[in-house]
There are 2 protein chains.
Amino acid sequence: MDEQAHPIPRVRTIADLARLAGVSPGTVSRALAGKSLVNAETRDRIQALATEHSFRPNQMASRLRTQRTGVVGVVVPLGHERRQHLSDPFFMTMLGFLADRLTEDGYDLMLSRVIPDATDWLERIVDSGMMDGVLLIGQSDQFHSIERVARRYRPLVAWGSSNLPGQVHCAIGTDNIAGGRLAGERLIARGARRIAFLGELRAPEIRQRCEGVAQALATAGIAHPPIQLDTHLASDVMEQEIAAHLERVGGDIDGIAAASDVIAVTTLRVLADRGIRVPHDMPVVGYDDLPIAVSAVPRITTVRQDIARGANEMVSALFRRIAGEDAPSVVMPPILVERDSA
Amino acid sequence: MDEQAHPIPRVRTIADLARLAGVSPGTVSRALAGKSLVNAETRDRIQALATEHSFRPNQMASRLRTQRTGVVGVVVPLGHERRQHLSDPFFMTMLGFLADRLTEDGYDLMLSRVIPDATDWLERIVDSGMMDGVLLIGQSDQFHSIERVARRYRPLVAWGSSNLPGQVHCAIGTDNIAGGRLAGERLIARGARRIAFLGELRAPEIRQRCEGVAQALATAGIAHPPIQLDTHLASDVMEQEIAAHLERVGGDIDGIAAASDVIAVTTLRVLADRGIRVPHDMPVVGYDDLPIAVSAVPRITTVRQDIARGANEMVSALFRRIAGEDAPSVVMPPILVERDSA
DNA sequence: CGATTTATTGCAATCGATTGCTGATGCCGG
DNA sequence: CCGGCATCAGCAATCGATTGCAATAAATCG
């Protein structure tokens with residue numbers, strides 16, 4: 001174990017190594033890149049020397065020269081929901097899959113949690129010259145900013161809706177209207193007639209889910225549209241918020257469609273506190289199918305979004321776009337997962 | 001709205017801008033940096049020109065020159081628990097706070113999810129020249145790798161235990177032995193005598209928690225040490241694993257200490273399935289105090305780690321170390337949060 | 001054996017921003 | 001009217017790796 005003591009001159013640059021090997025920096029560069037232009041012997045010798053001195057080329061320099069950063073930006077825009085924390089399980093699950101896939105493909109992941117107060121928040125990110133492409137987890141209420149940038153910056157892919165009026169930016173997502181419809185139909189099948197929708201509508205995905213619930217009600221010939229109740233994702237206020245909502249409209253509703261599983265879990269909690277039994281007294285349907293949906297008591301019936309596949313589609317689309325090809329939006333079908341809460 | 005059409009020559013470099021402004025690149029650089037060495041007028045003129053052409057200096061070049069990247073690496077080592085997904089709520093909660101704090105201080109966050117198969121996984125990261133410092137979320141079973149690097153690379157701070165034999169690396173964490181003791185004492189107070197510890201021991205934090213439980217039992221004069229049952233964090237197998245454990249030792253135990261809230265939630269789920277009532281038939285104590293602990297039914301009694309504070313301490317320590325100062329390890333006291341599950 | 005490939009390596013420019021130093025200008029007091 | 005000083009701008013080197021092109025040596029062929 002002599003690792004700790006490389007006594008004096010640490011090998012920091014390719015030039016240091018070149019001096020040691022008695023060759024020119026250029027040769028070292030080529031040798032380390034494994035190019036065939038250098039003699040196999042010298043290449044091996046240099047590589048051995050490199051590992052011996054645990055030399056690692058400076059990425060900044062390399063990236064400056066090659067104009068390729070090997071970094072993908074993953075951005076979470078919190079336009080509405082400023083208080084929402086990055087620990088939102090949906091974001092995180094998505095982020096986990098993205099990280100897995102990007103790592104596999106040799107990319108690094110730069111994470112930005114942005115509160116879009118300046119209008120050029122996205123420009124700042126894409127023009128920093130720091131990343132080869134950008135993934136947006138959610139569109140929030142920033143449709144116009146995203147459009148503006150997407151028009152000139154190709155390697156940009158968002159998670160969310162792809163059928164918004166005038167949209168040109170590439171988005172991967174599930175059909176939220178269909179998903180809302182599934183939730184609504186399930187609740188109706190369970191006997192619900194007056195459905196509350198817990199979630200706030202500034203993000204297009206959520207708005208579409210609510211719309212889907214409304215469609216289901218209309219199709220079933222039920223006159224009452226869903227009662228929409230703003231519910232914010234900041235975990236510290238969500239419980240009180242839901243409690244207040246139920247206090248207010250409690251008697252008027254007989255079914256709950258939650259905009260996400262996180263909301264559904266909290267709703268279960270609030271209902272349990274008031275002795276309202278799920279699904280018997282009040283069926284509840286979630287959205288997303290996160291791991292918590294299975295751990296909850298009762299297990300949550302929910303509309304599944306295939307997040308793993310979504311992450312893969314996003315990365316694939318991004319890589320195509322980085323390579324200069326085109327990549328269209330993708331709409332995946334949601335699936336109703338029938339469990340115990342409705 | 002003429003934003004879309006800067007017809008021909010986009011202003012990409014500081015030299016472009018200099019030409020436009022009729023000054024030298026050096027002056028532009030100083031002007032954009034807001035230095036006082038340039039005339040106030042020219043400075044304003046240049047800055048105006050810069051915004052007009054929405055010019056953003058190339059970060060790669062800047063960082064290469066200044067040797068300061070403005071990036072902090074956040075690394076999640078998955079040494080044991082290869083199957084553990086990045087979406088583990090503890091990691092994510094921590095990551096969220098770290099992201100908030102780092103963003104506030106103008107740093108970018110580069111996320112790496114590492115499976116340490118090569119022994120030099122950490123060297124690869126710190127020597128890449130890509131970041132000013134590195135935060136490790138958890139030590140996993142990589143004590144030696146971390147020590148080796150920490151001995152020569154100062155701006156490195158880990159979350160975890162700081163009292164491991166021979167440890168020199170800076171770690172921020174809670175007193176896991178004390179935490180385990182709190183959990184054990186609570187269970188004992190609830191009448192438990194034969195306690196199961198759900199969690200696997202390769203990570204030092206977890207090992208210490210189990211040890212704390214053992215201490216509590218010993219102190220109370222109970223002869224039976226905790227029955228330790230490996231429980232892995234991969235969400236898809238955890239439930240079956242716990243179910244199998246309970247199947248096997250079910251009758252022999254009368255209290256459960258879970259190594260984390262995630263495990264506790266799943267345990268609740270499994271117990272509910274078999275009609276075992278919590279806390280009446282089987283008290284359960286969690287660890288961490290994540291948001292899910294409050295949403296669970298029943299609400300989980302758990303040992304709280306102040307993750308927000310932990311994240312802050314980590315970042316503060318890291319900044320001190322980046323600045324060349326020293327920063328010692330920090331041990332925070334855990335707190336028992338009494339709720340309904342025990 | 002001389003001419004021409006071929007295999008390696010070196011040289012030097014380049015990526016784009018930053019910054020120490022020098023030079024030019026203008027203002028001041030003596 | 002001149003030396004001295006402050007202010008401002010430009011020049012050119014620098015960060016460290018990469019790469020097109022030139023140069024050298026060795027090998028091949030007629």
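Worth knowing before you read on, the calculation uses all heavy atoms, side chains too, and leaves out hydrogens, waters and symmetry mates. In what follows, every chain begins at residue 1, and chains take the letters A, B, ... in the order their sequences are listed.
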Atom CD1 of I46(B) and atom C1' of dG10(D): how far apart are they, to the nearest Å?
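The distance from CD1 of I46(B) to C1' of dG10(D) comes to 12 Å, rounded to the nearest Å.
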
Rounded to whole Å, how long is the line connecting atom CG of L37(A) with atom P of dA23(D)?
18 Å

Under 4.0 angstrom, heavy atoms only, what part of the nucleic acid is V28(A) near: base, sugar-phosphate, or nothing?
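Answer is nothing: V28(A) stays at 4.0 Å or more from every strand.
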
Walk along nucleotides 11-18 of chain D from 5' to 3' and tag each nucleotide B, S or - by protein heavy-atom contact under 4.0 Å, base first, then sugar-phosphate.
B-BBBBBB

Heavy atoms only: give me the nearest A18(A)-P25(A) pair and the separation to one decimal.
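Looks like CB-N, 3.6 Å.
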
Please give me the minimum heavy-atom distance between G138(A) and P77(A), naming the atom from each residue.
O-CG, 3.2 Å

Just how large is the angle between the end axes of the helix from dC1(C)-dG30(D) to dG30(C)-dC1(D), five pairs per end, to 10 degrees?
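Helix axis angle between the two ends: 50°.
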
Restricting to pairs with a member in residues 26-47 of chain A, which pass side-chain hydrogen bond (donor to acceptor under 3.5 Å, both in side chains), not counting sequence neighbours?
S24(A)-T27(A)

Can you pull the side-chain hydrogen bond (donor to acceptor under 3.5 Å, both in side chains) pairs that have at least one residue in residues 309-328 of chain B, sequence neighbours excluded?
R101(B)-N312(B), R101(B)-S316(B), R154(B)-D326(B), R309(B)-E313(B), R320(B)-E325(B)

Do W121(A) and Q142(A) have a side chain donor and acceptor closer than 3.5 Å?
yes

For the pair D117(A) and R124(A), find out whether any cationic side-chain nitrogen is under 4.0 Å from an anionic carboxylate oxygen.
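Not counted as a salt bridge, because no side-chain N and carboxylate O are separated by less than 4.0 Å.
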
R152(B)/D127(B) salt bridge by N-O under 4.0 Å criterion:
yes

Taking only residues two or more places apart in sequence or in another chain, which ones pass side-chain contact (heavy atoms from CB on, under 4.5 Å) with A308(B)?
F97(B), D306(B)

Which pairs, protein N/O on one side and nucleotides 24-28 of chain D N/O on the other, fall under 3.5 Å?
none

Would the distance check show the side chain of S62(A) and the main-chain N or O of N58(A) forming a donor-acceptor pair, the cut-off being under 3.5 Å?
no

Given 3.5 Å as the limit, does a donor-acceptor pair link the side chain of D16(B) with the main chain of T13(B), or not?
yes

